[in-house]
Amino acid sequence: MNILGVEDPCDKCEQMLQPYLDRELTEAERQEAESHLEGCSYCRKRYHFEEKLRMFVRQAAVEQMDPQLKQKLAALRTAL
Amino acid sequence: MSDSTNENARRLAEGARDRVHFEEDALALADQVYSVARHLSGSREEAEDLVQETYARAFRSWRSFTPGTNLRAWLMRIMTNLNIDRGRRKQRSPDTQPLEEGDYYLYNRLSDSISDDNPQEDQVLRRLSQNDAVTALSAVPHDFRDVVVLVDIGDFSYQDAAQILDIPIGTVMSRLHRGRRILKQELADTVVEG
């Protein structure tokens, strides 16, 4: 909201970023976001960044399990 | 051999076969279970203990799993409950967390720290290292992190996350949104303030 009490379209677009990427917006909201993004490189860059960031965090978080742990888990199986 | 003896032997053999299948299916998910455990826990050692406890409990109570339902979610449910039982919950409640910055905060902070006036997204992203992401994730308070880890790393749906954590789906969504913002704030602090 700016000093005139009018909502800044980029602020509104920022609010819609997560629900947009999560496909939670209604059709009307999605169209509103996309129409703003089409004309606003400021928001567009930040949306693209968020998409890439999510992928980056997911990949960064992958940590290989110690093979010894796998063996320990297999040893927990019930003996036949 | 009587009919009833034969029937008992057949049931025993079937039970053993079902159990073997269950154990094999559960073990095939171990990498994914570990990946989530690693970020629910504070350290590699804690994660390894948690995964072992989870599998020990799962193998003991395999009969309570309904075949055809989501085994990965069932294992996660055991794991998150064990994690709570381990007394990990001595922390601030989500309601007392300070309000986090908006969703553009990280991009704005990172791009401000680059000499280029109008950097591209990839250039901004390159400011982050894998280690930064892991460190920032570990700094997100547990209630928020649990949801971020399940949805964004474990790739669970909101519905699955709600069932695993035994919280309403609306709570999953609000914690996920706030958790991601806190993560970005932590990343900004880690990278820009070093």
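Protein chains get the first letters and strands the later ones, always in sequence-line order, with residue 1 at the start of each.
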So does [X] pair up with [Y], basic N to acidic O under 4.0 Å?
X: Asp22(A); Y: Arg180(B); answer: yes
X: Lys72(A); Y: Glu48(B); answer: no
X: Arg77(A); Y: Glu23(B); answer: yes
X: Glu63(A); Y: Arg44(B); answer: yes
X: Lys70(A); Y: Asp31(B); answer: yes

Shared hydrophobic cluster, [X] / [Y] (ILVMFWY, side-chain heavy atoms < 4.5 Å):
X: Leu27(B); Y: Leu82(B); answer: yes
X: Val149(B); Y: Met55(A); answer: no
X: Met173(B); Y: Leu25(A); answer: no
X: Leu53(A); Y: Tyr105(B); answer: no
X: Val62(A); Y: Leu69(A); answer: no

Could you tell me if the side chain of [Y] sits less than 4.5 Å from the side chain of [X], heavy atoms only?
X: Pro19(A); Y: His177(B); answer: yes
X: Phe49(A); Y: Asp122(B); answer: no
X: Lys184(B); Y: Glu50(A); answer: yes
X: Gln130(B); Y: Gln59(A); answer: no

Let me confirm one number: the [atom1]-[atom2] distance from [X] to [Y], rounded to the nearest 0.5 Å.
X: Tyr107(B); Y: Leu17(A); atom1: OH; atom2: CG; answer: 12.5 Å
X: Arg38(B); Y: Gln64(A); atom1: CZ; atom2: CD; answer: 13.0 Å
X: Arg58(A); Y: Ser35(B); atom1: CZ; atom2: OG; answer: 10.5 Å
X: Tyr104(B); Y: Cys43(A); atom1: OH; atom2: SG; answer: 3.0 Å

Can you tell me if [atom1] on [X] sees more than 12 non-hydrogen neighbours from other groups inside 6.0 Å?
X: Glu27(A); atom1: CD; result: yes
X: Glu38(A); atom1: CD; result: no
X: Arg23(A); atom1: CZ; result: no
X: Arg30(A); atom1: CZ; result: yes

At a 4.5 Å cut-off on heavy atoms, which part of [X] comes close to chain A: side chain, backbone, both, or neither?
X: Val148(B); value: neither
X: Leu125(B); value: both
X: His39(B); value: side chain
X: Leu128(B); value: both
X: Val124(B); value: both

Identify the heavy atoms of [X] and [Y] that sit nearest to each other, and give their distance.
X: Val134(B); Y: Ala60(A); value: CG2-O, 3.6 Å
X: Leu76(A); Y: Ala56(B); value: CD1-N, 3.8 Å
X: Leu176(B); Y: Gln18(A); value: O-OE1, 4.1 Å
X: Leu73(A); Y: Gln52(B); value: CD2-CA, 3.8 Å
X: Tyr34(B); Y: Met65(A); value: CB-SD, 3.5 Å

Which one wins on heavy-atom pair count under 4.5 Å against chain A: Asp132(B), Leu137(B), Leu106(B)?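 Option with the top pair count is Leu106(B).
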Quick check for you: among Ala136(B), Ala133(B), Gly102(B), which has the greatest number of heavy-atom pairs under 4.5 Å with chain A?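 That would be Gly102(B).
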Hey, mind stepping through Lys45(A) and Gln120(B) against side chain to side chain contact (heavy atoms under 4.5 Å, CB included) and telling me if it holds? CA-CA 7 Å; Lys45(A) 271 189 173 180; Gln120(B) 294 302 307; 4.0 Å; yes
Let me see the working for Asp103(B) and Gln15(A) under side chain to side chain contact (heavy atoms under 4.5 Å, CB included), right down to the final yes or no. CA-CA 7 Å; Asp103(B) 273 312; Gln15(A) 292 297 323; over 6 Å; no
Testing the 3.5 Å rule here: is there a donor-acceptor pair between the side chains of Glu24(A) and Tyr158(B)?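 On atom types as modelled, these side chains qualify, holding a pair under 3.5 Å.
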May I have the step-by-step check of side chain to side chain contact (heavy atoms under 4.5 Å, CB included) for Ser129(B) and Phe56(A), ending in yes or no? CA-CA 9 Å; Ser129(B) 71; Phe56(A) 174 79; 5.6 Å; no
